[in-house]
Amino acid sequence: MSDDDFISGSKPIGIERGEGVSLYTADGTEYLDAGASFACTPLGHSHPAVVDAVTTQVEDLTFVDSSFPVQSRADAYAAFVASTPDGLEQAWFCNSGTESNEAALKFARSATGNSKIIAATRSFHGRTMGSLAATWKDKYKEPYEPLVGDIEFVPYGDSEELAEAVDDETAAVILEPIQGEGGINVPPAGYLETARDCTEEVGAALVFDEVQTGMGRTGQMWACQNAGVTPDILTTAKGLGNGLPIGAVAVQDWIANGAASHNATFSGGPVVTAAVHATISTLVEEEWPAHAAEMGDYLTTELEAALGDDVREVRGEGLLIGLELKRGANRAARDLAMNHQVLALPAGRTVLRLLPPLVIDEAEADQLVTALTAVIGSDEES
Ligand SMILES: *Cc1c(COP(=O)(O)O)cnc(C)c1O
């Protein structure tokens, strides 16, 4: 099996159980999950608060369509809207990240009456036709062309090019506050503010895709709060239900008022919203975002000290960390998994991505640093 096949194919590691930051095979081998679950379990695997909420809900009422008010949806809605920056006062639930971006692009088009969407190089917004059109990598797009039209790409992080591209025909600018899949790219200071200013000026919608950056990972509930910039539309998914499939879109009133008809059968179902309510309540009440900031600083400092010249860069915010390696990230991820029982993800050819559950403690962080040092050090020698 090649390194590429190991990353994208079926891994020879059968997972049977999860608890906290750890995953276990049937024979009891423990793996430290430092990212392989794609940021989907901010509270750690099978967190009791989420398990209890979901178990109770699935027994009481597994599903009823969203035209009937149910308590779990109302609770999740209130908790989600309260967690977002002031100004984002209305929300809609869907089933995944790509669907949340799909909705965002539709809402922006109907609220503005325009069609042009501006996206960034190295972006990732999902794999359904609309979100895919706003995604950068040709490899994902080419087999399915033609995609949704009127999408223009500008270089991520370049304020001038962005301001120049936005005009009064623009419906939306869609950006990740920090790019995930594209390599954990942190934009220069002032970039998100520029995006805010130039969209406001022409009445276009600013969409922040927080599918990967959200749910406390960067030190606040939403990464845009670190920059102090509020978008018109915020999309999320991945960690929102701590492992259950749900996405959400939070919008400002002008977007909600201008949105045409859009819905989905499973929108805000009782079980998944019970998971959302339990996840957000626990994150907020137990202050896990602050812990993520602290552990992110600790991990980054330890990684820089241990790896020094062995990596080109350690970057990110909180527990969204990218290691720019001097060689292939797929090989490193495979070595980490097979020889050190540590699961991490590549983000592009040379970037290794660490997205551990927010509940990671110092001993687990040390274990991660030790494994990375062994693998990246030995890479250098081979
Ligand atoms: C994963 C991801 C998506 C797509 O989410 P799915 O639930 O896989 O559809 C969109 N945007 C970003 C930033 C992501 O990381």
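Each ligand, and each atom within it, is numbered from 1 in the order the structure gives.
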| query | Is there a donor in the side chain of S123 and an acceptor in the side chain of Q179, or the other way round, less than 3.5 Å apart? | reply | no

| request: Output the set of protein residues with a heavy-atom contact under 4.0 Å to ligand 1, ordered first by chain identifier and then by residue number. | output: S96, G97, T98, N101, F124, H125, G126, E176, D209, V211, Q212, K238

| task | I would like to know whether R196 and D232 meet salt bridge (Lys or Arg N to Asp or Glu O under 4.0 Å); could you show each step before the answer? | result | CA-CA 9 Å; R196 179 65 286 177; D232 300 291; 2.7 Å; yes

| Derivation and outcome, side-chain contact (heavy atoms from CB on, under 4.5 Å), residues V249 and E99 | CA-CA 9 Å; V249 188; E99 198 187 343; over 6 Å; no

| F38, CZ: over 12 other non-hydrogen atoms inside 6.0 angstrom | no

| request: Let me know which of T273, D60, T56 forms a side-chain hydrogen bond (donor to acceptor under 3.5 Å, both in side chains) with S72. | output: T273

| said: Under the rule for ring pair (Phe, Tyr, Trp, His ring centres under 6.0 Å), what residues qualify as partners of Y156, not counting sequence neighbours? | reply: Y191

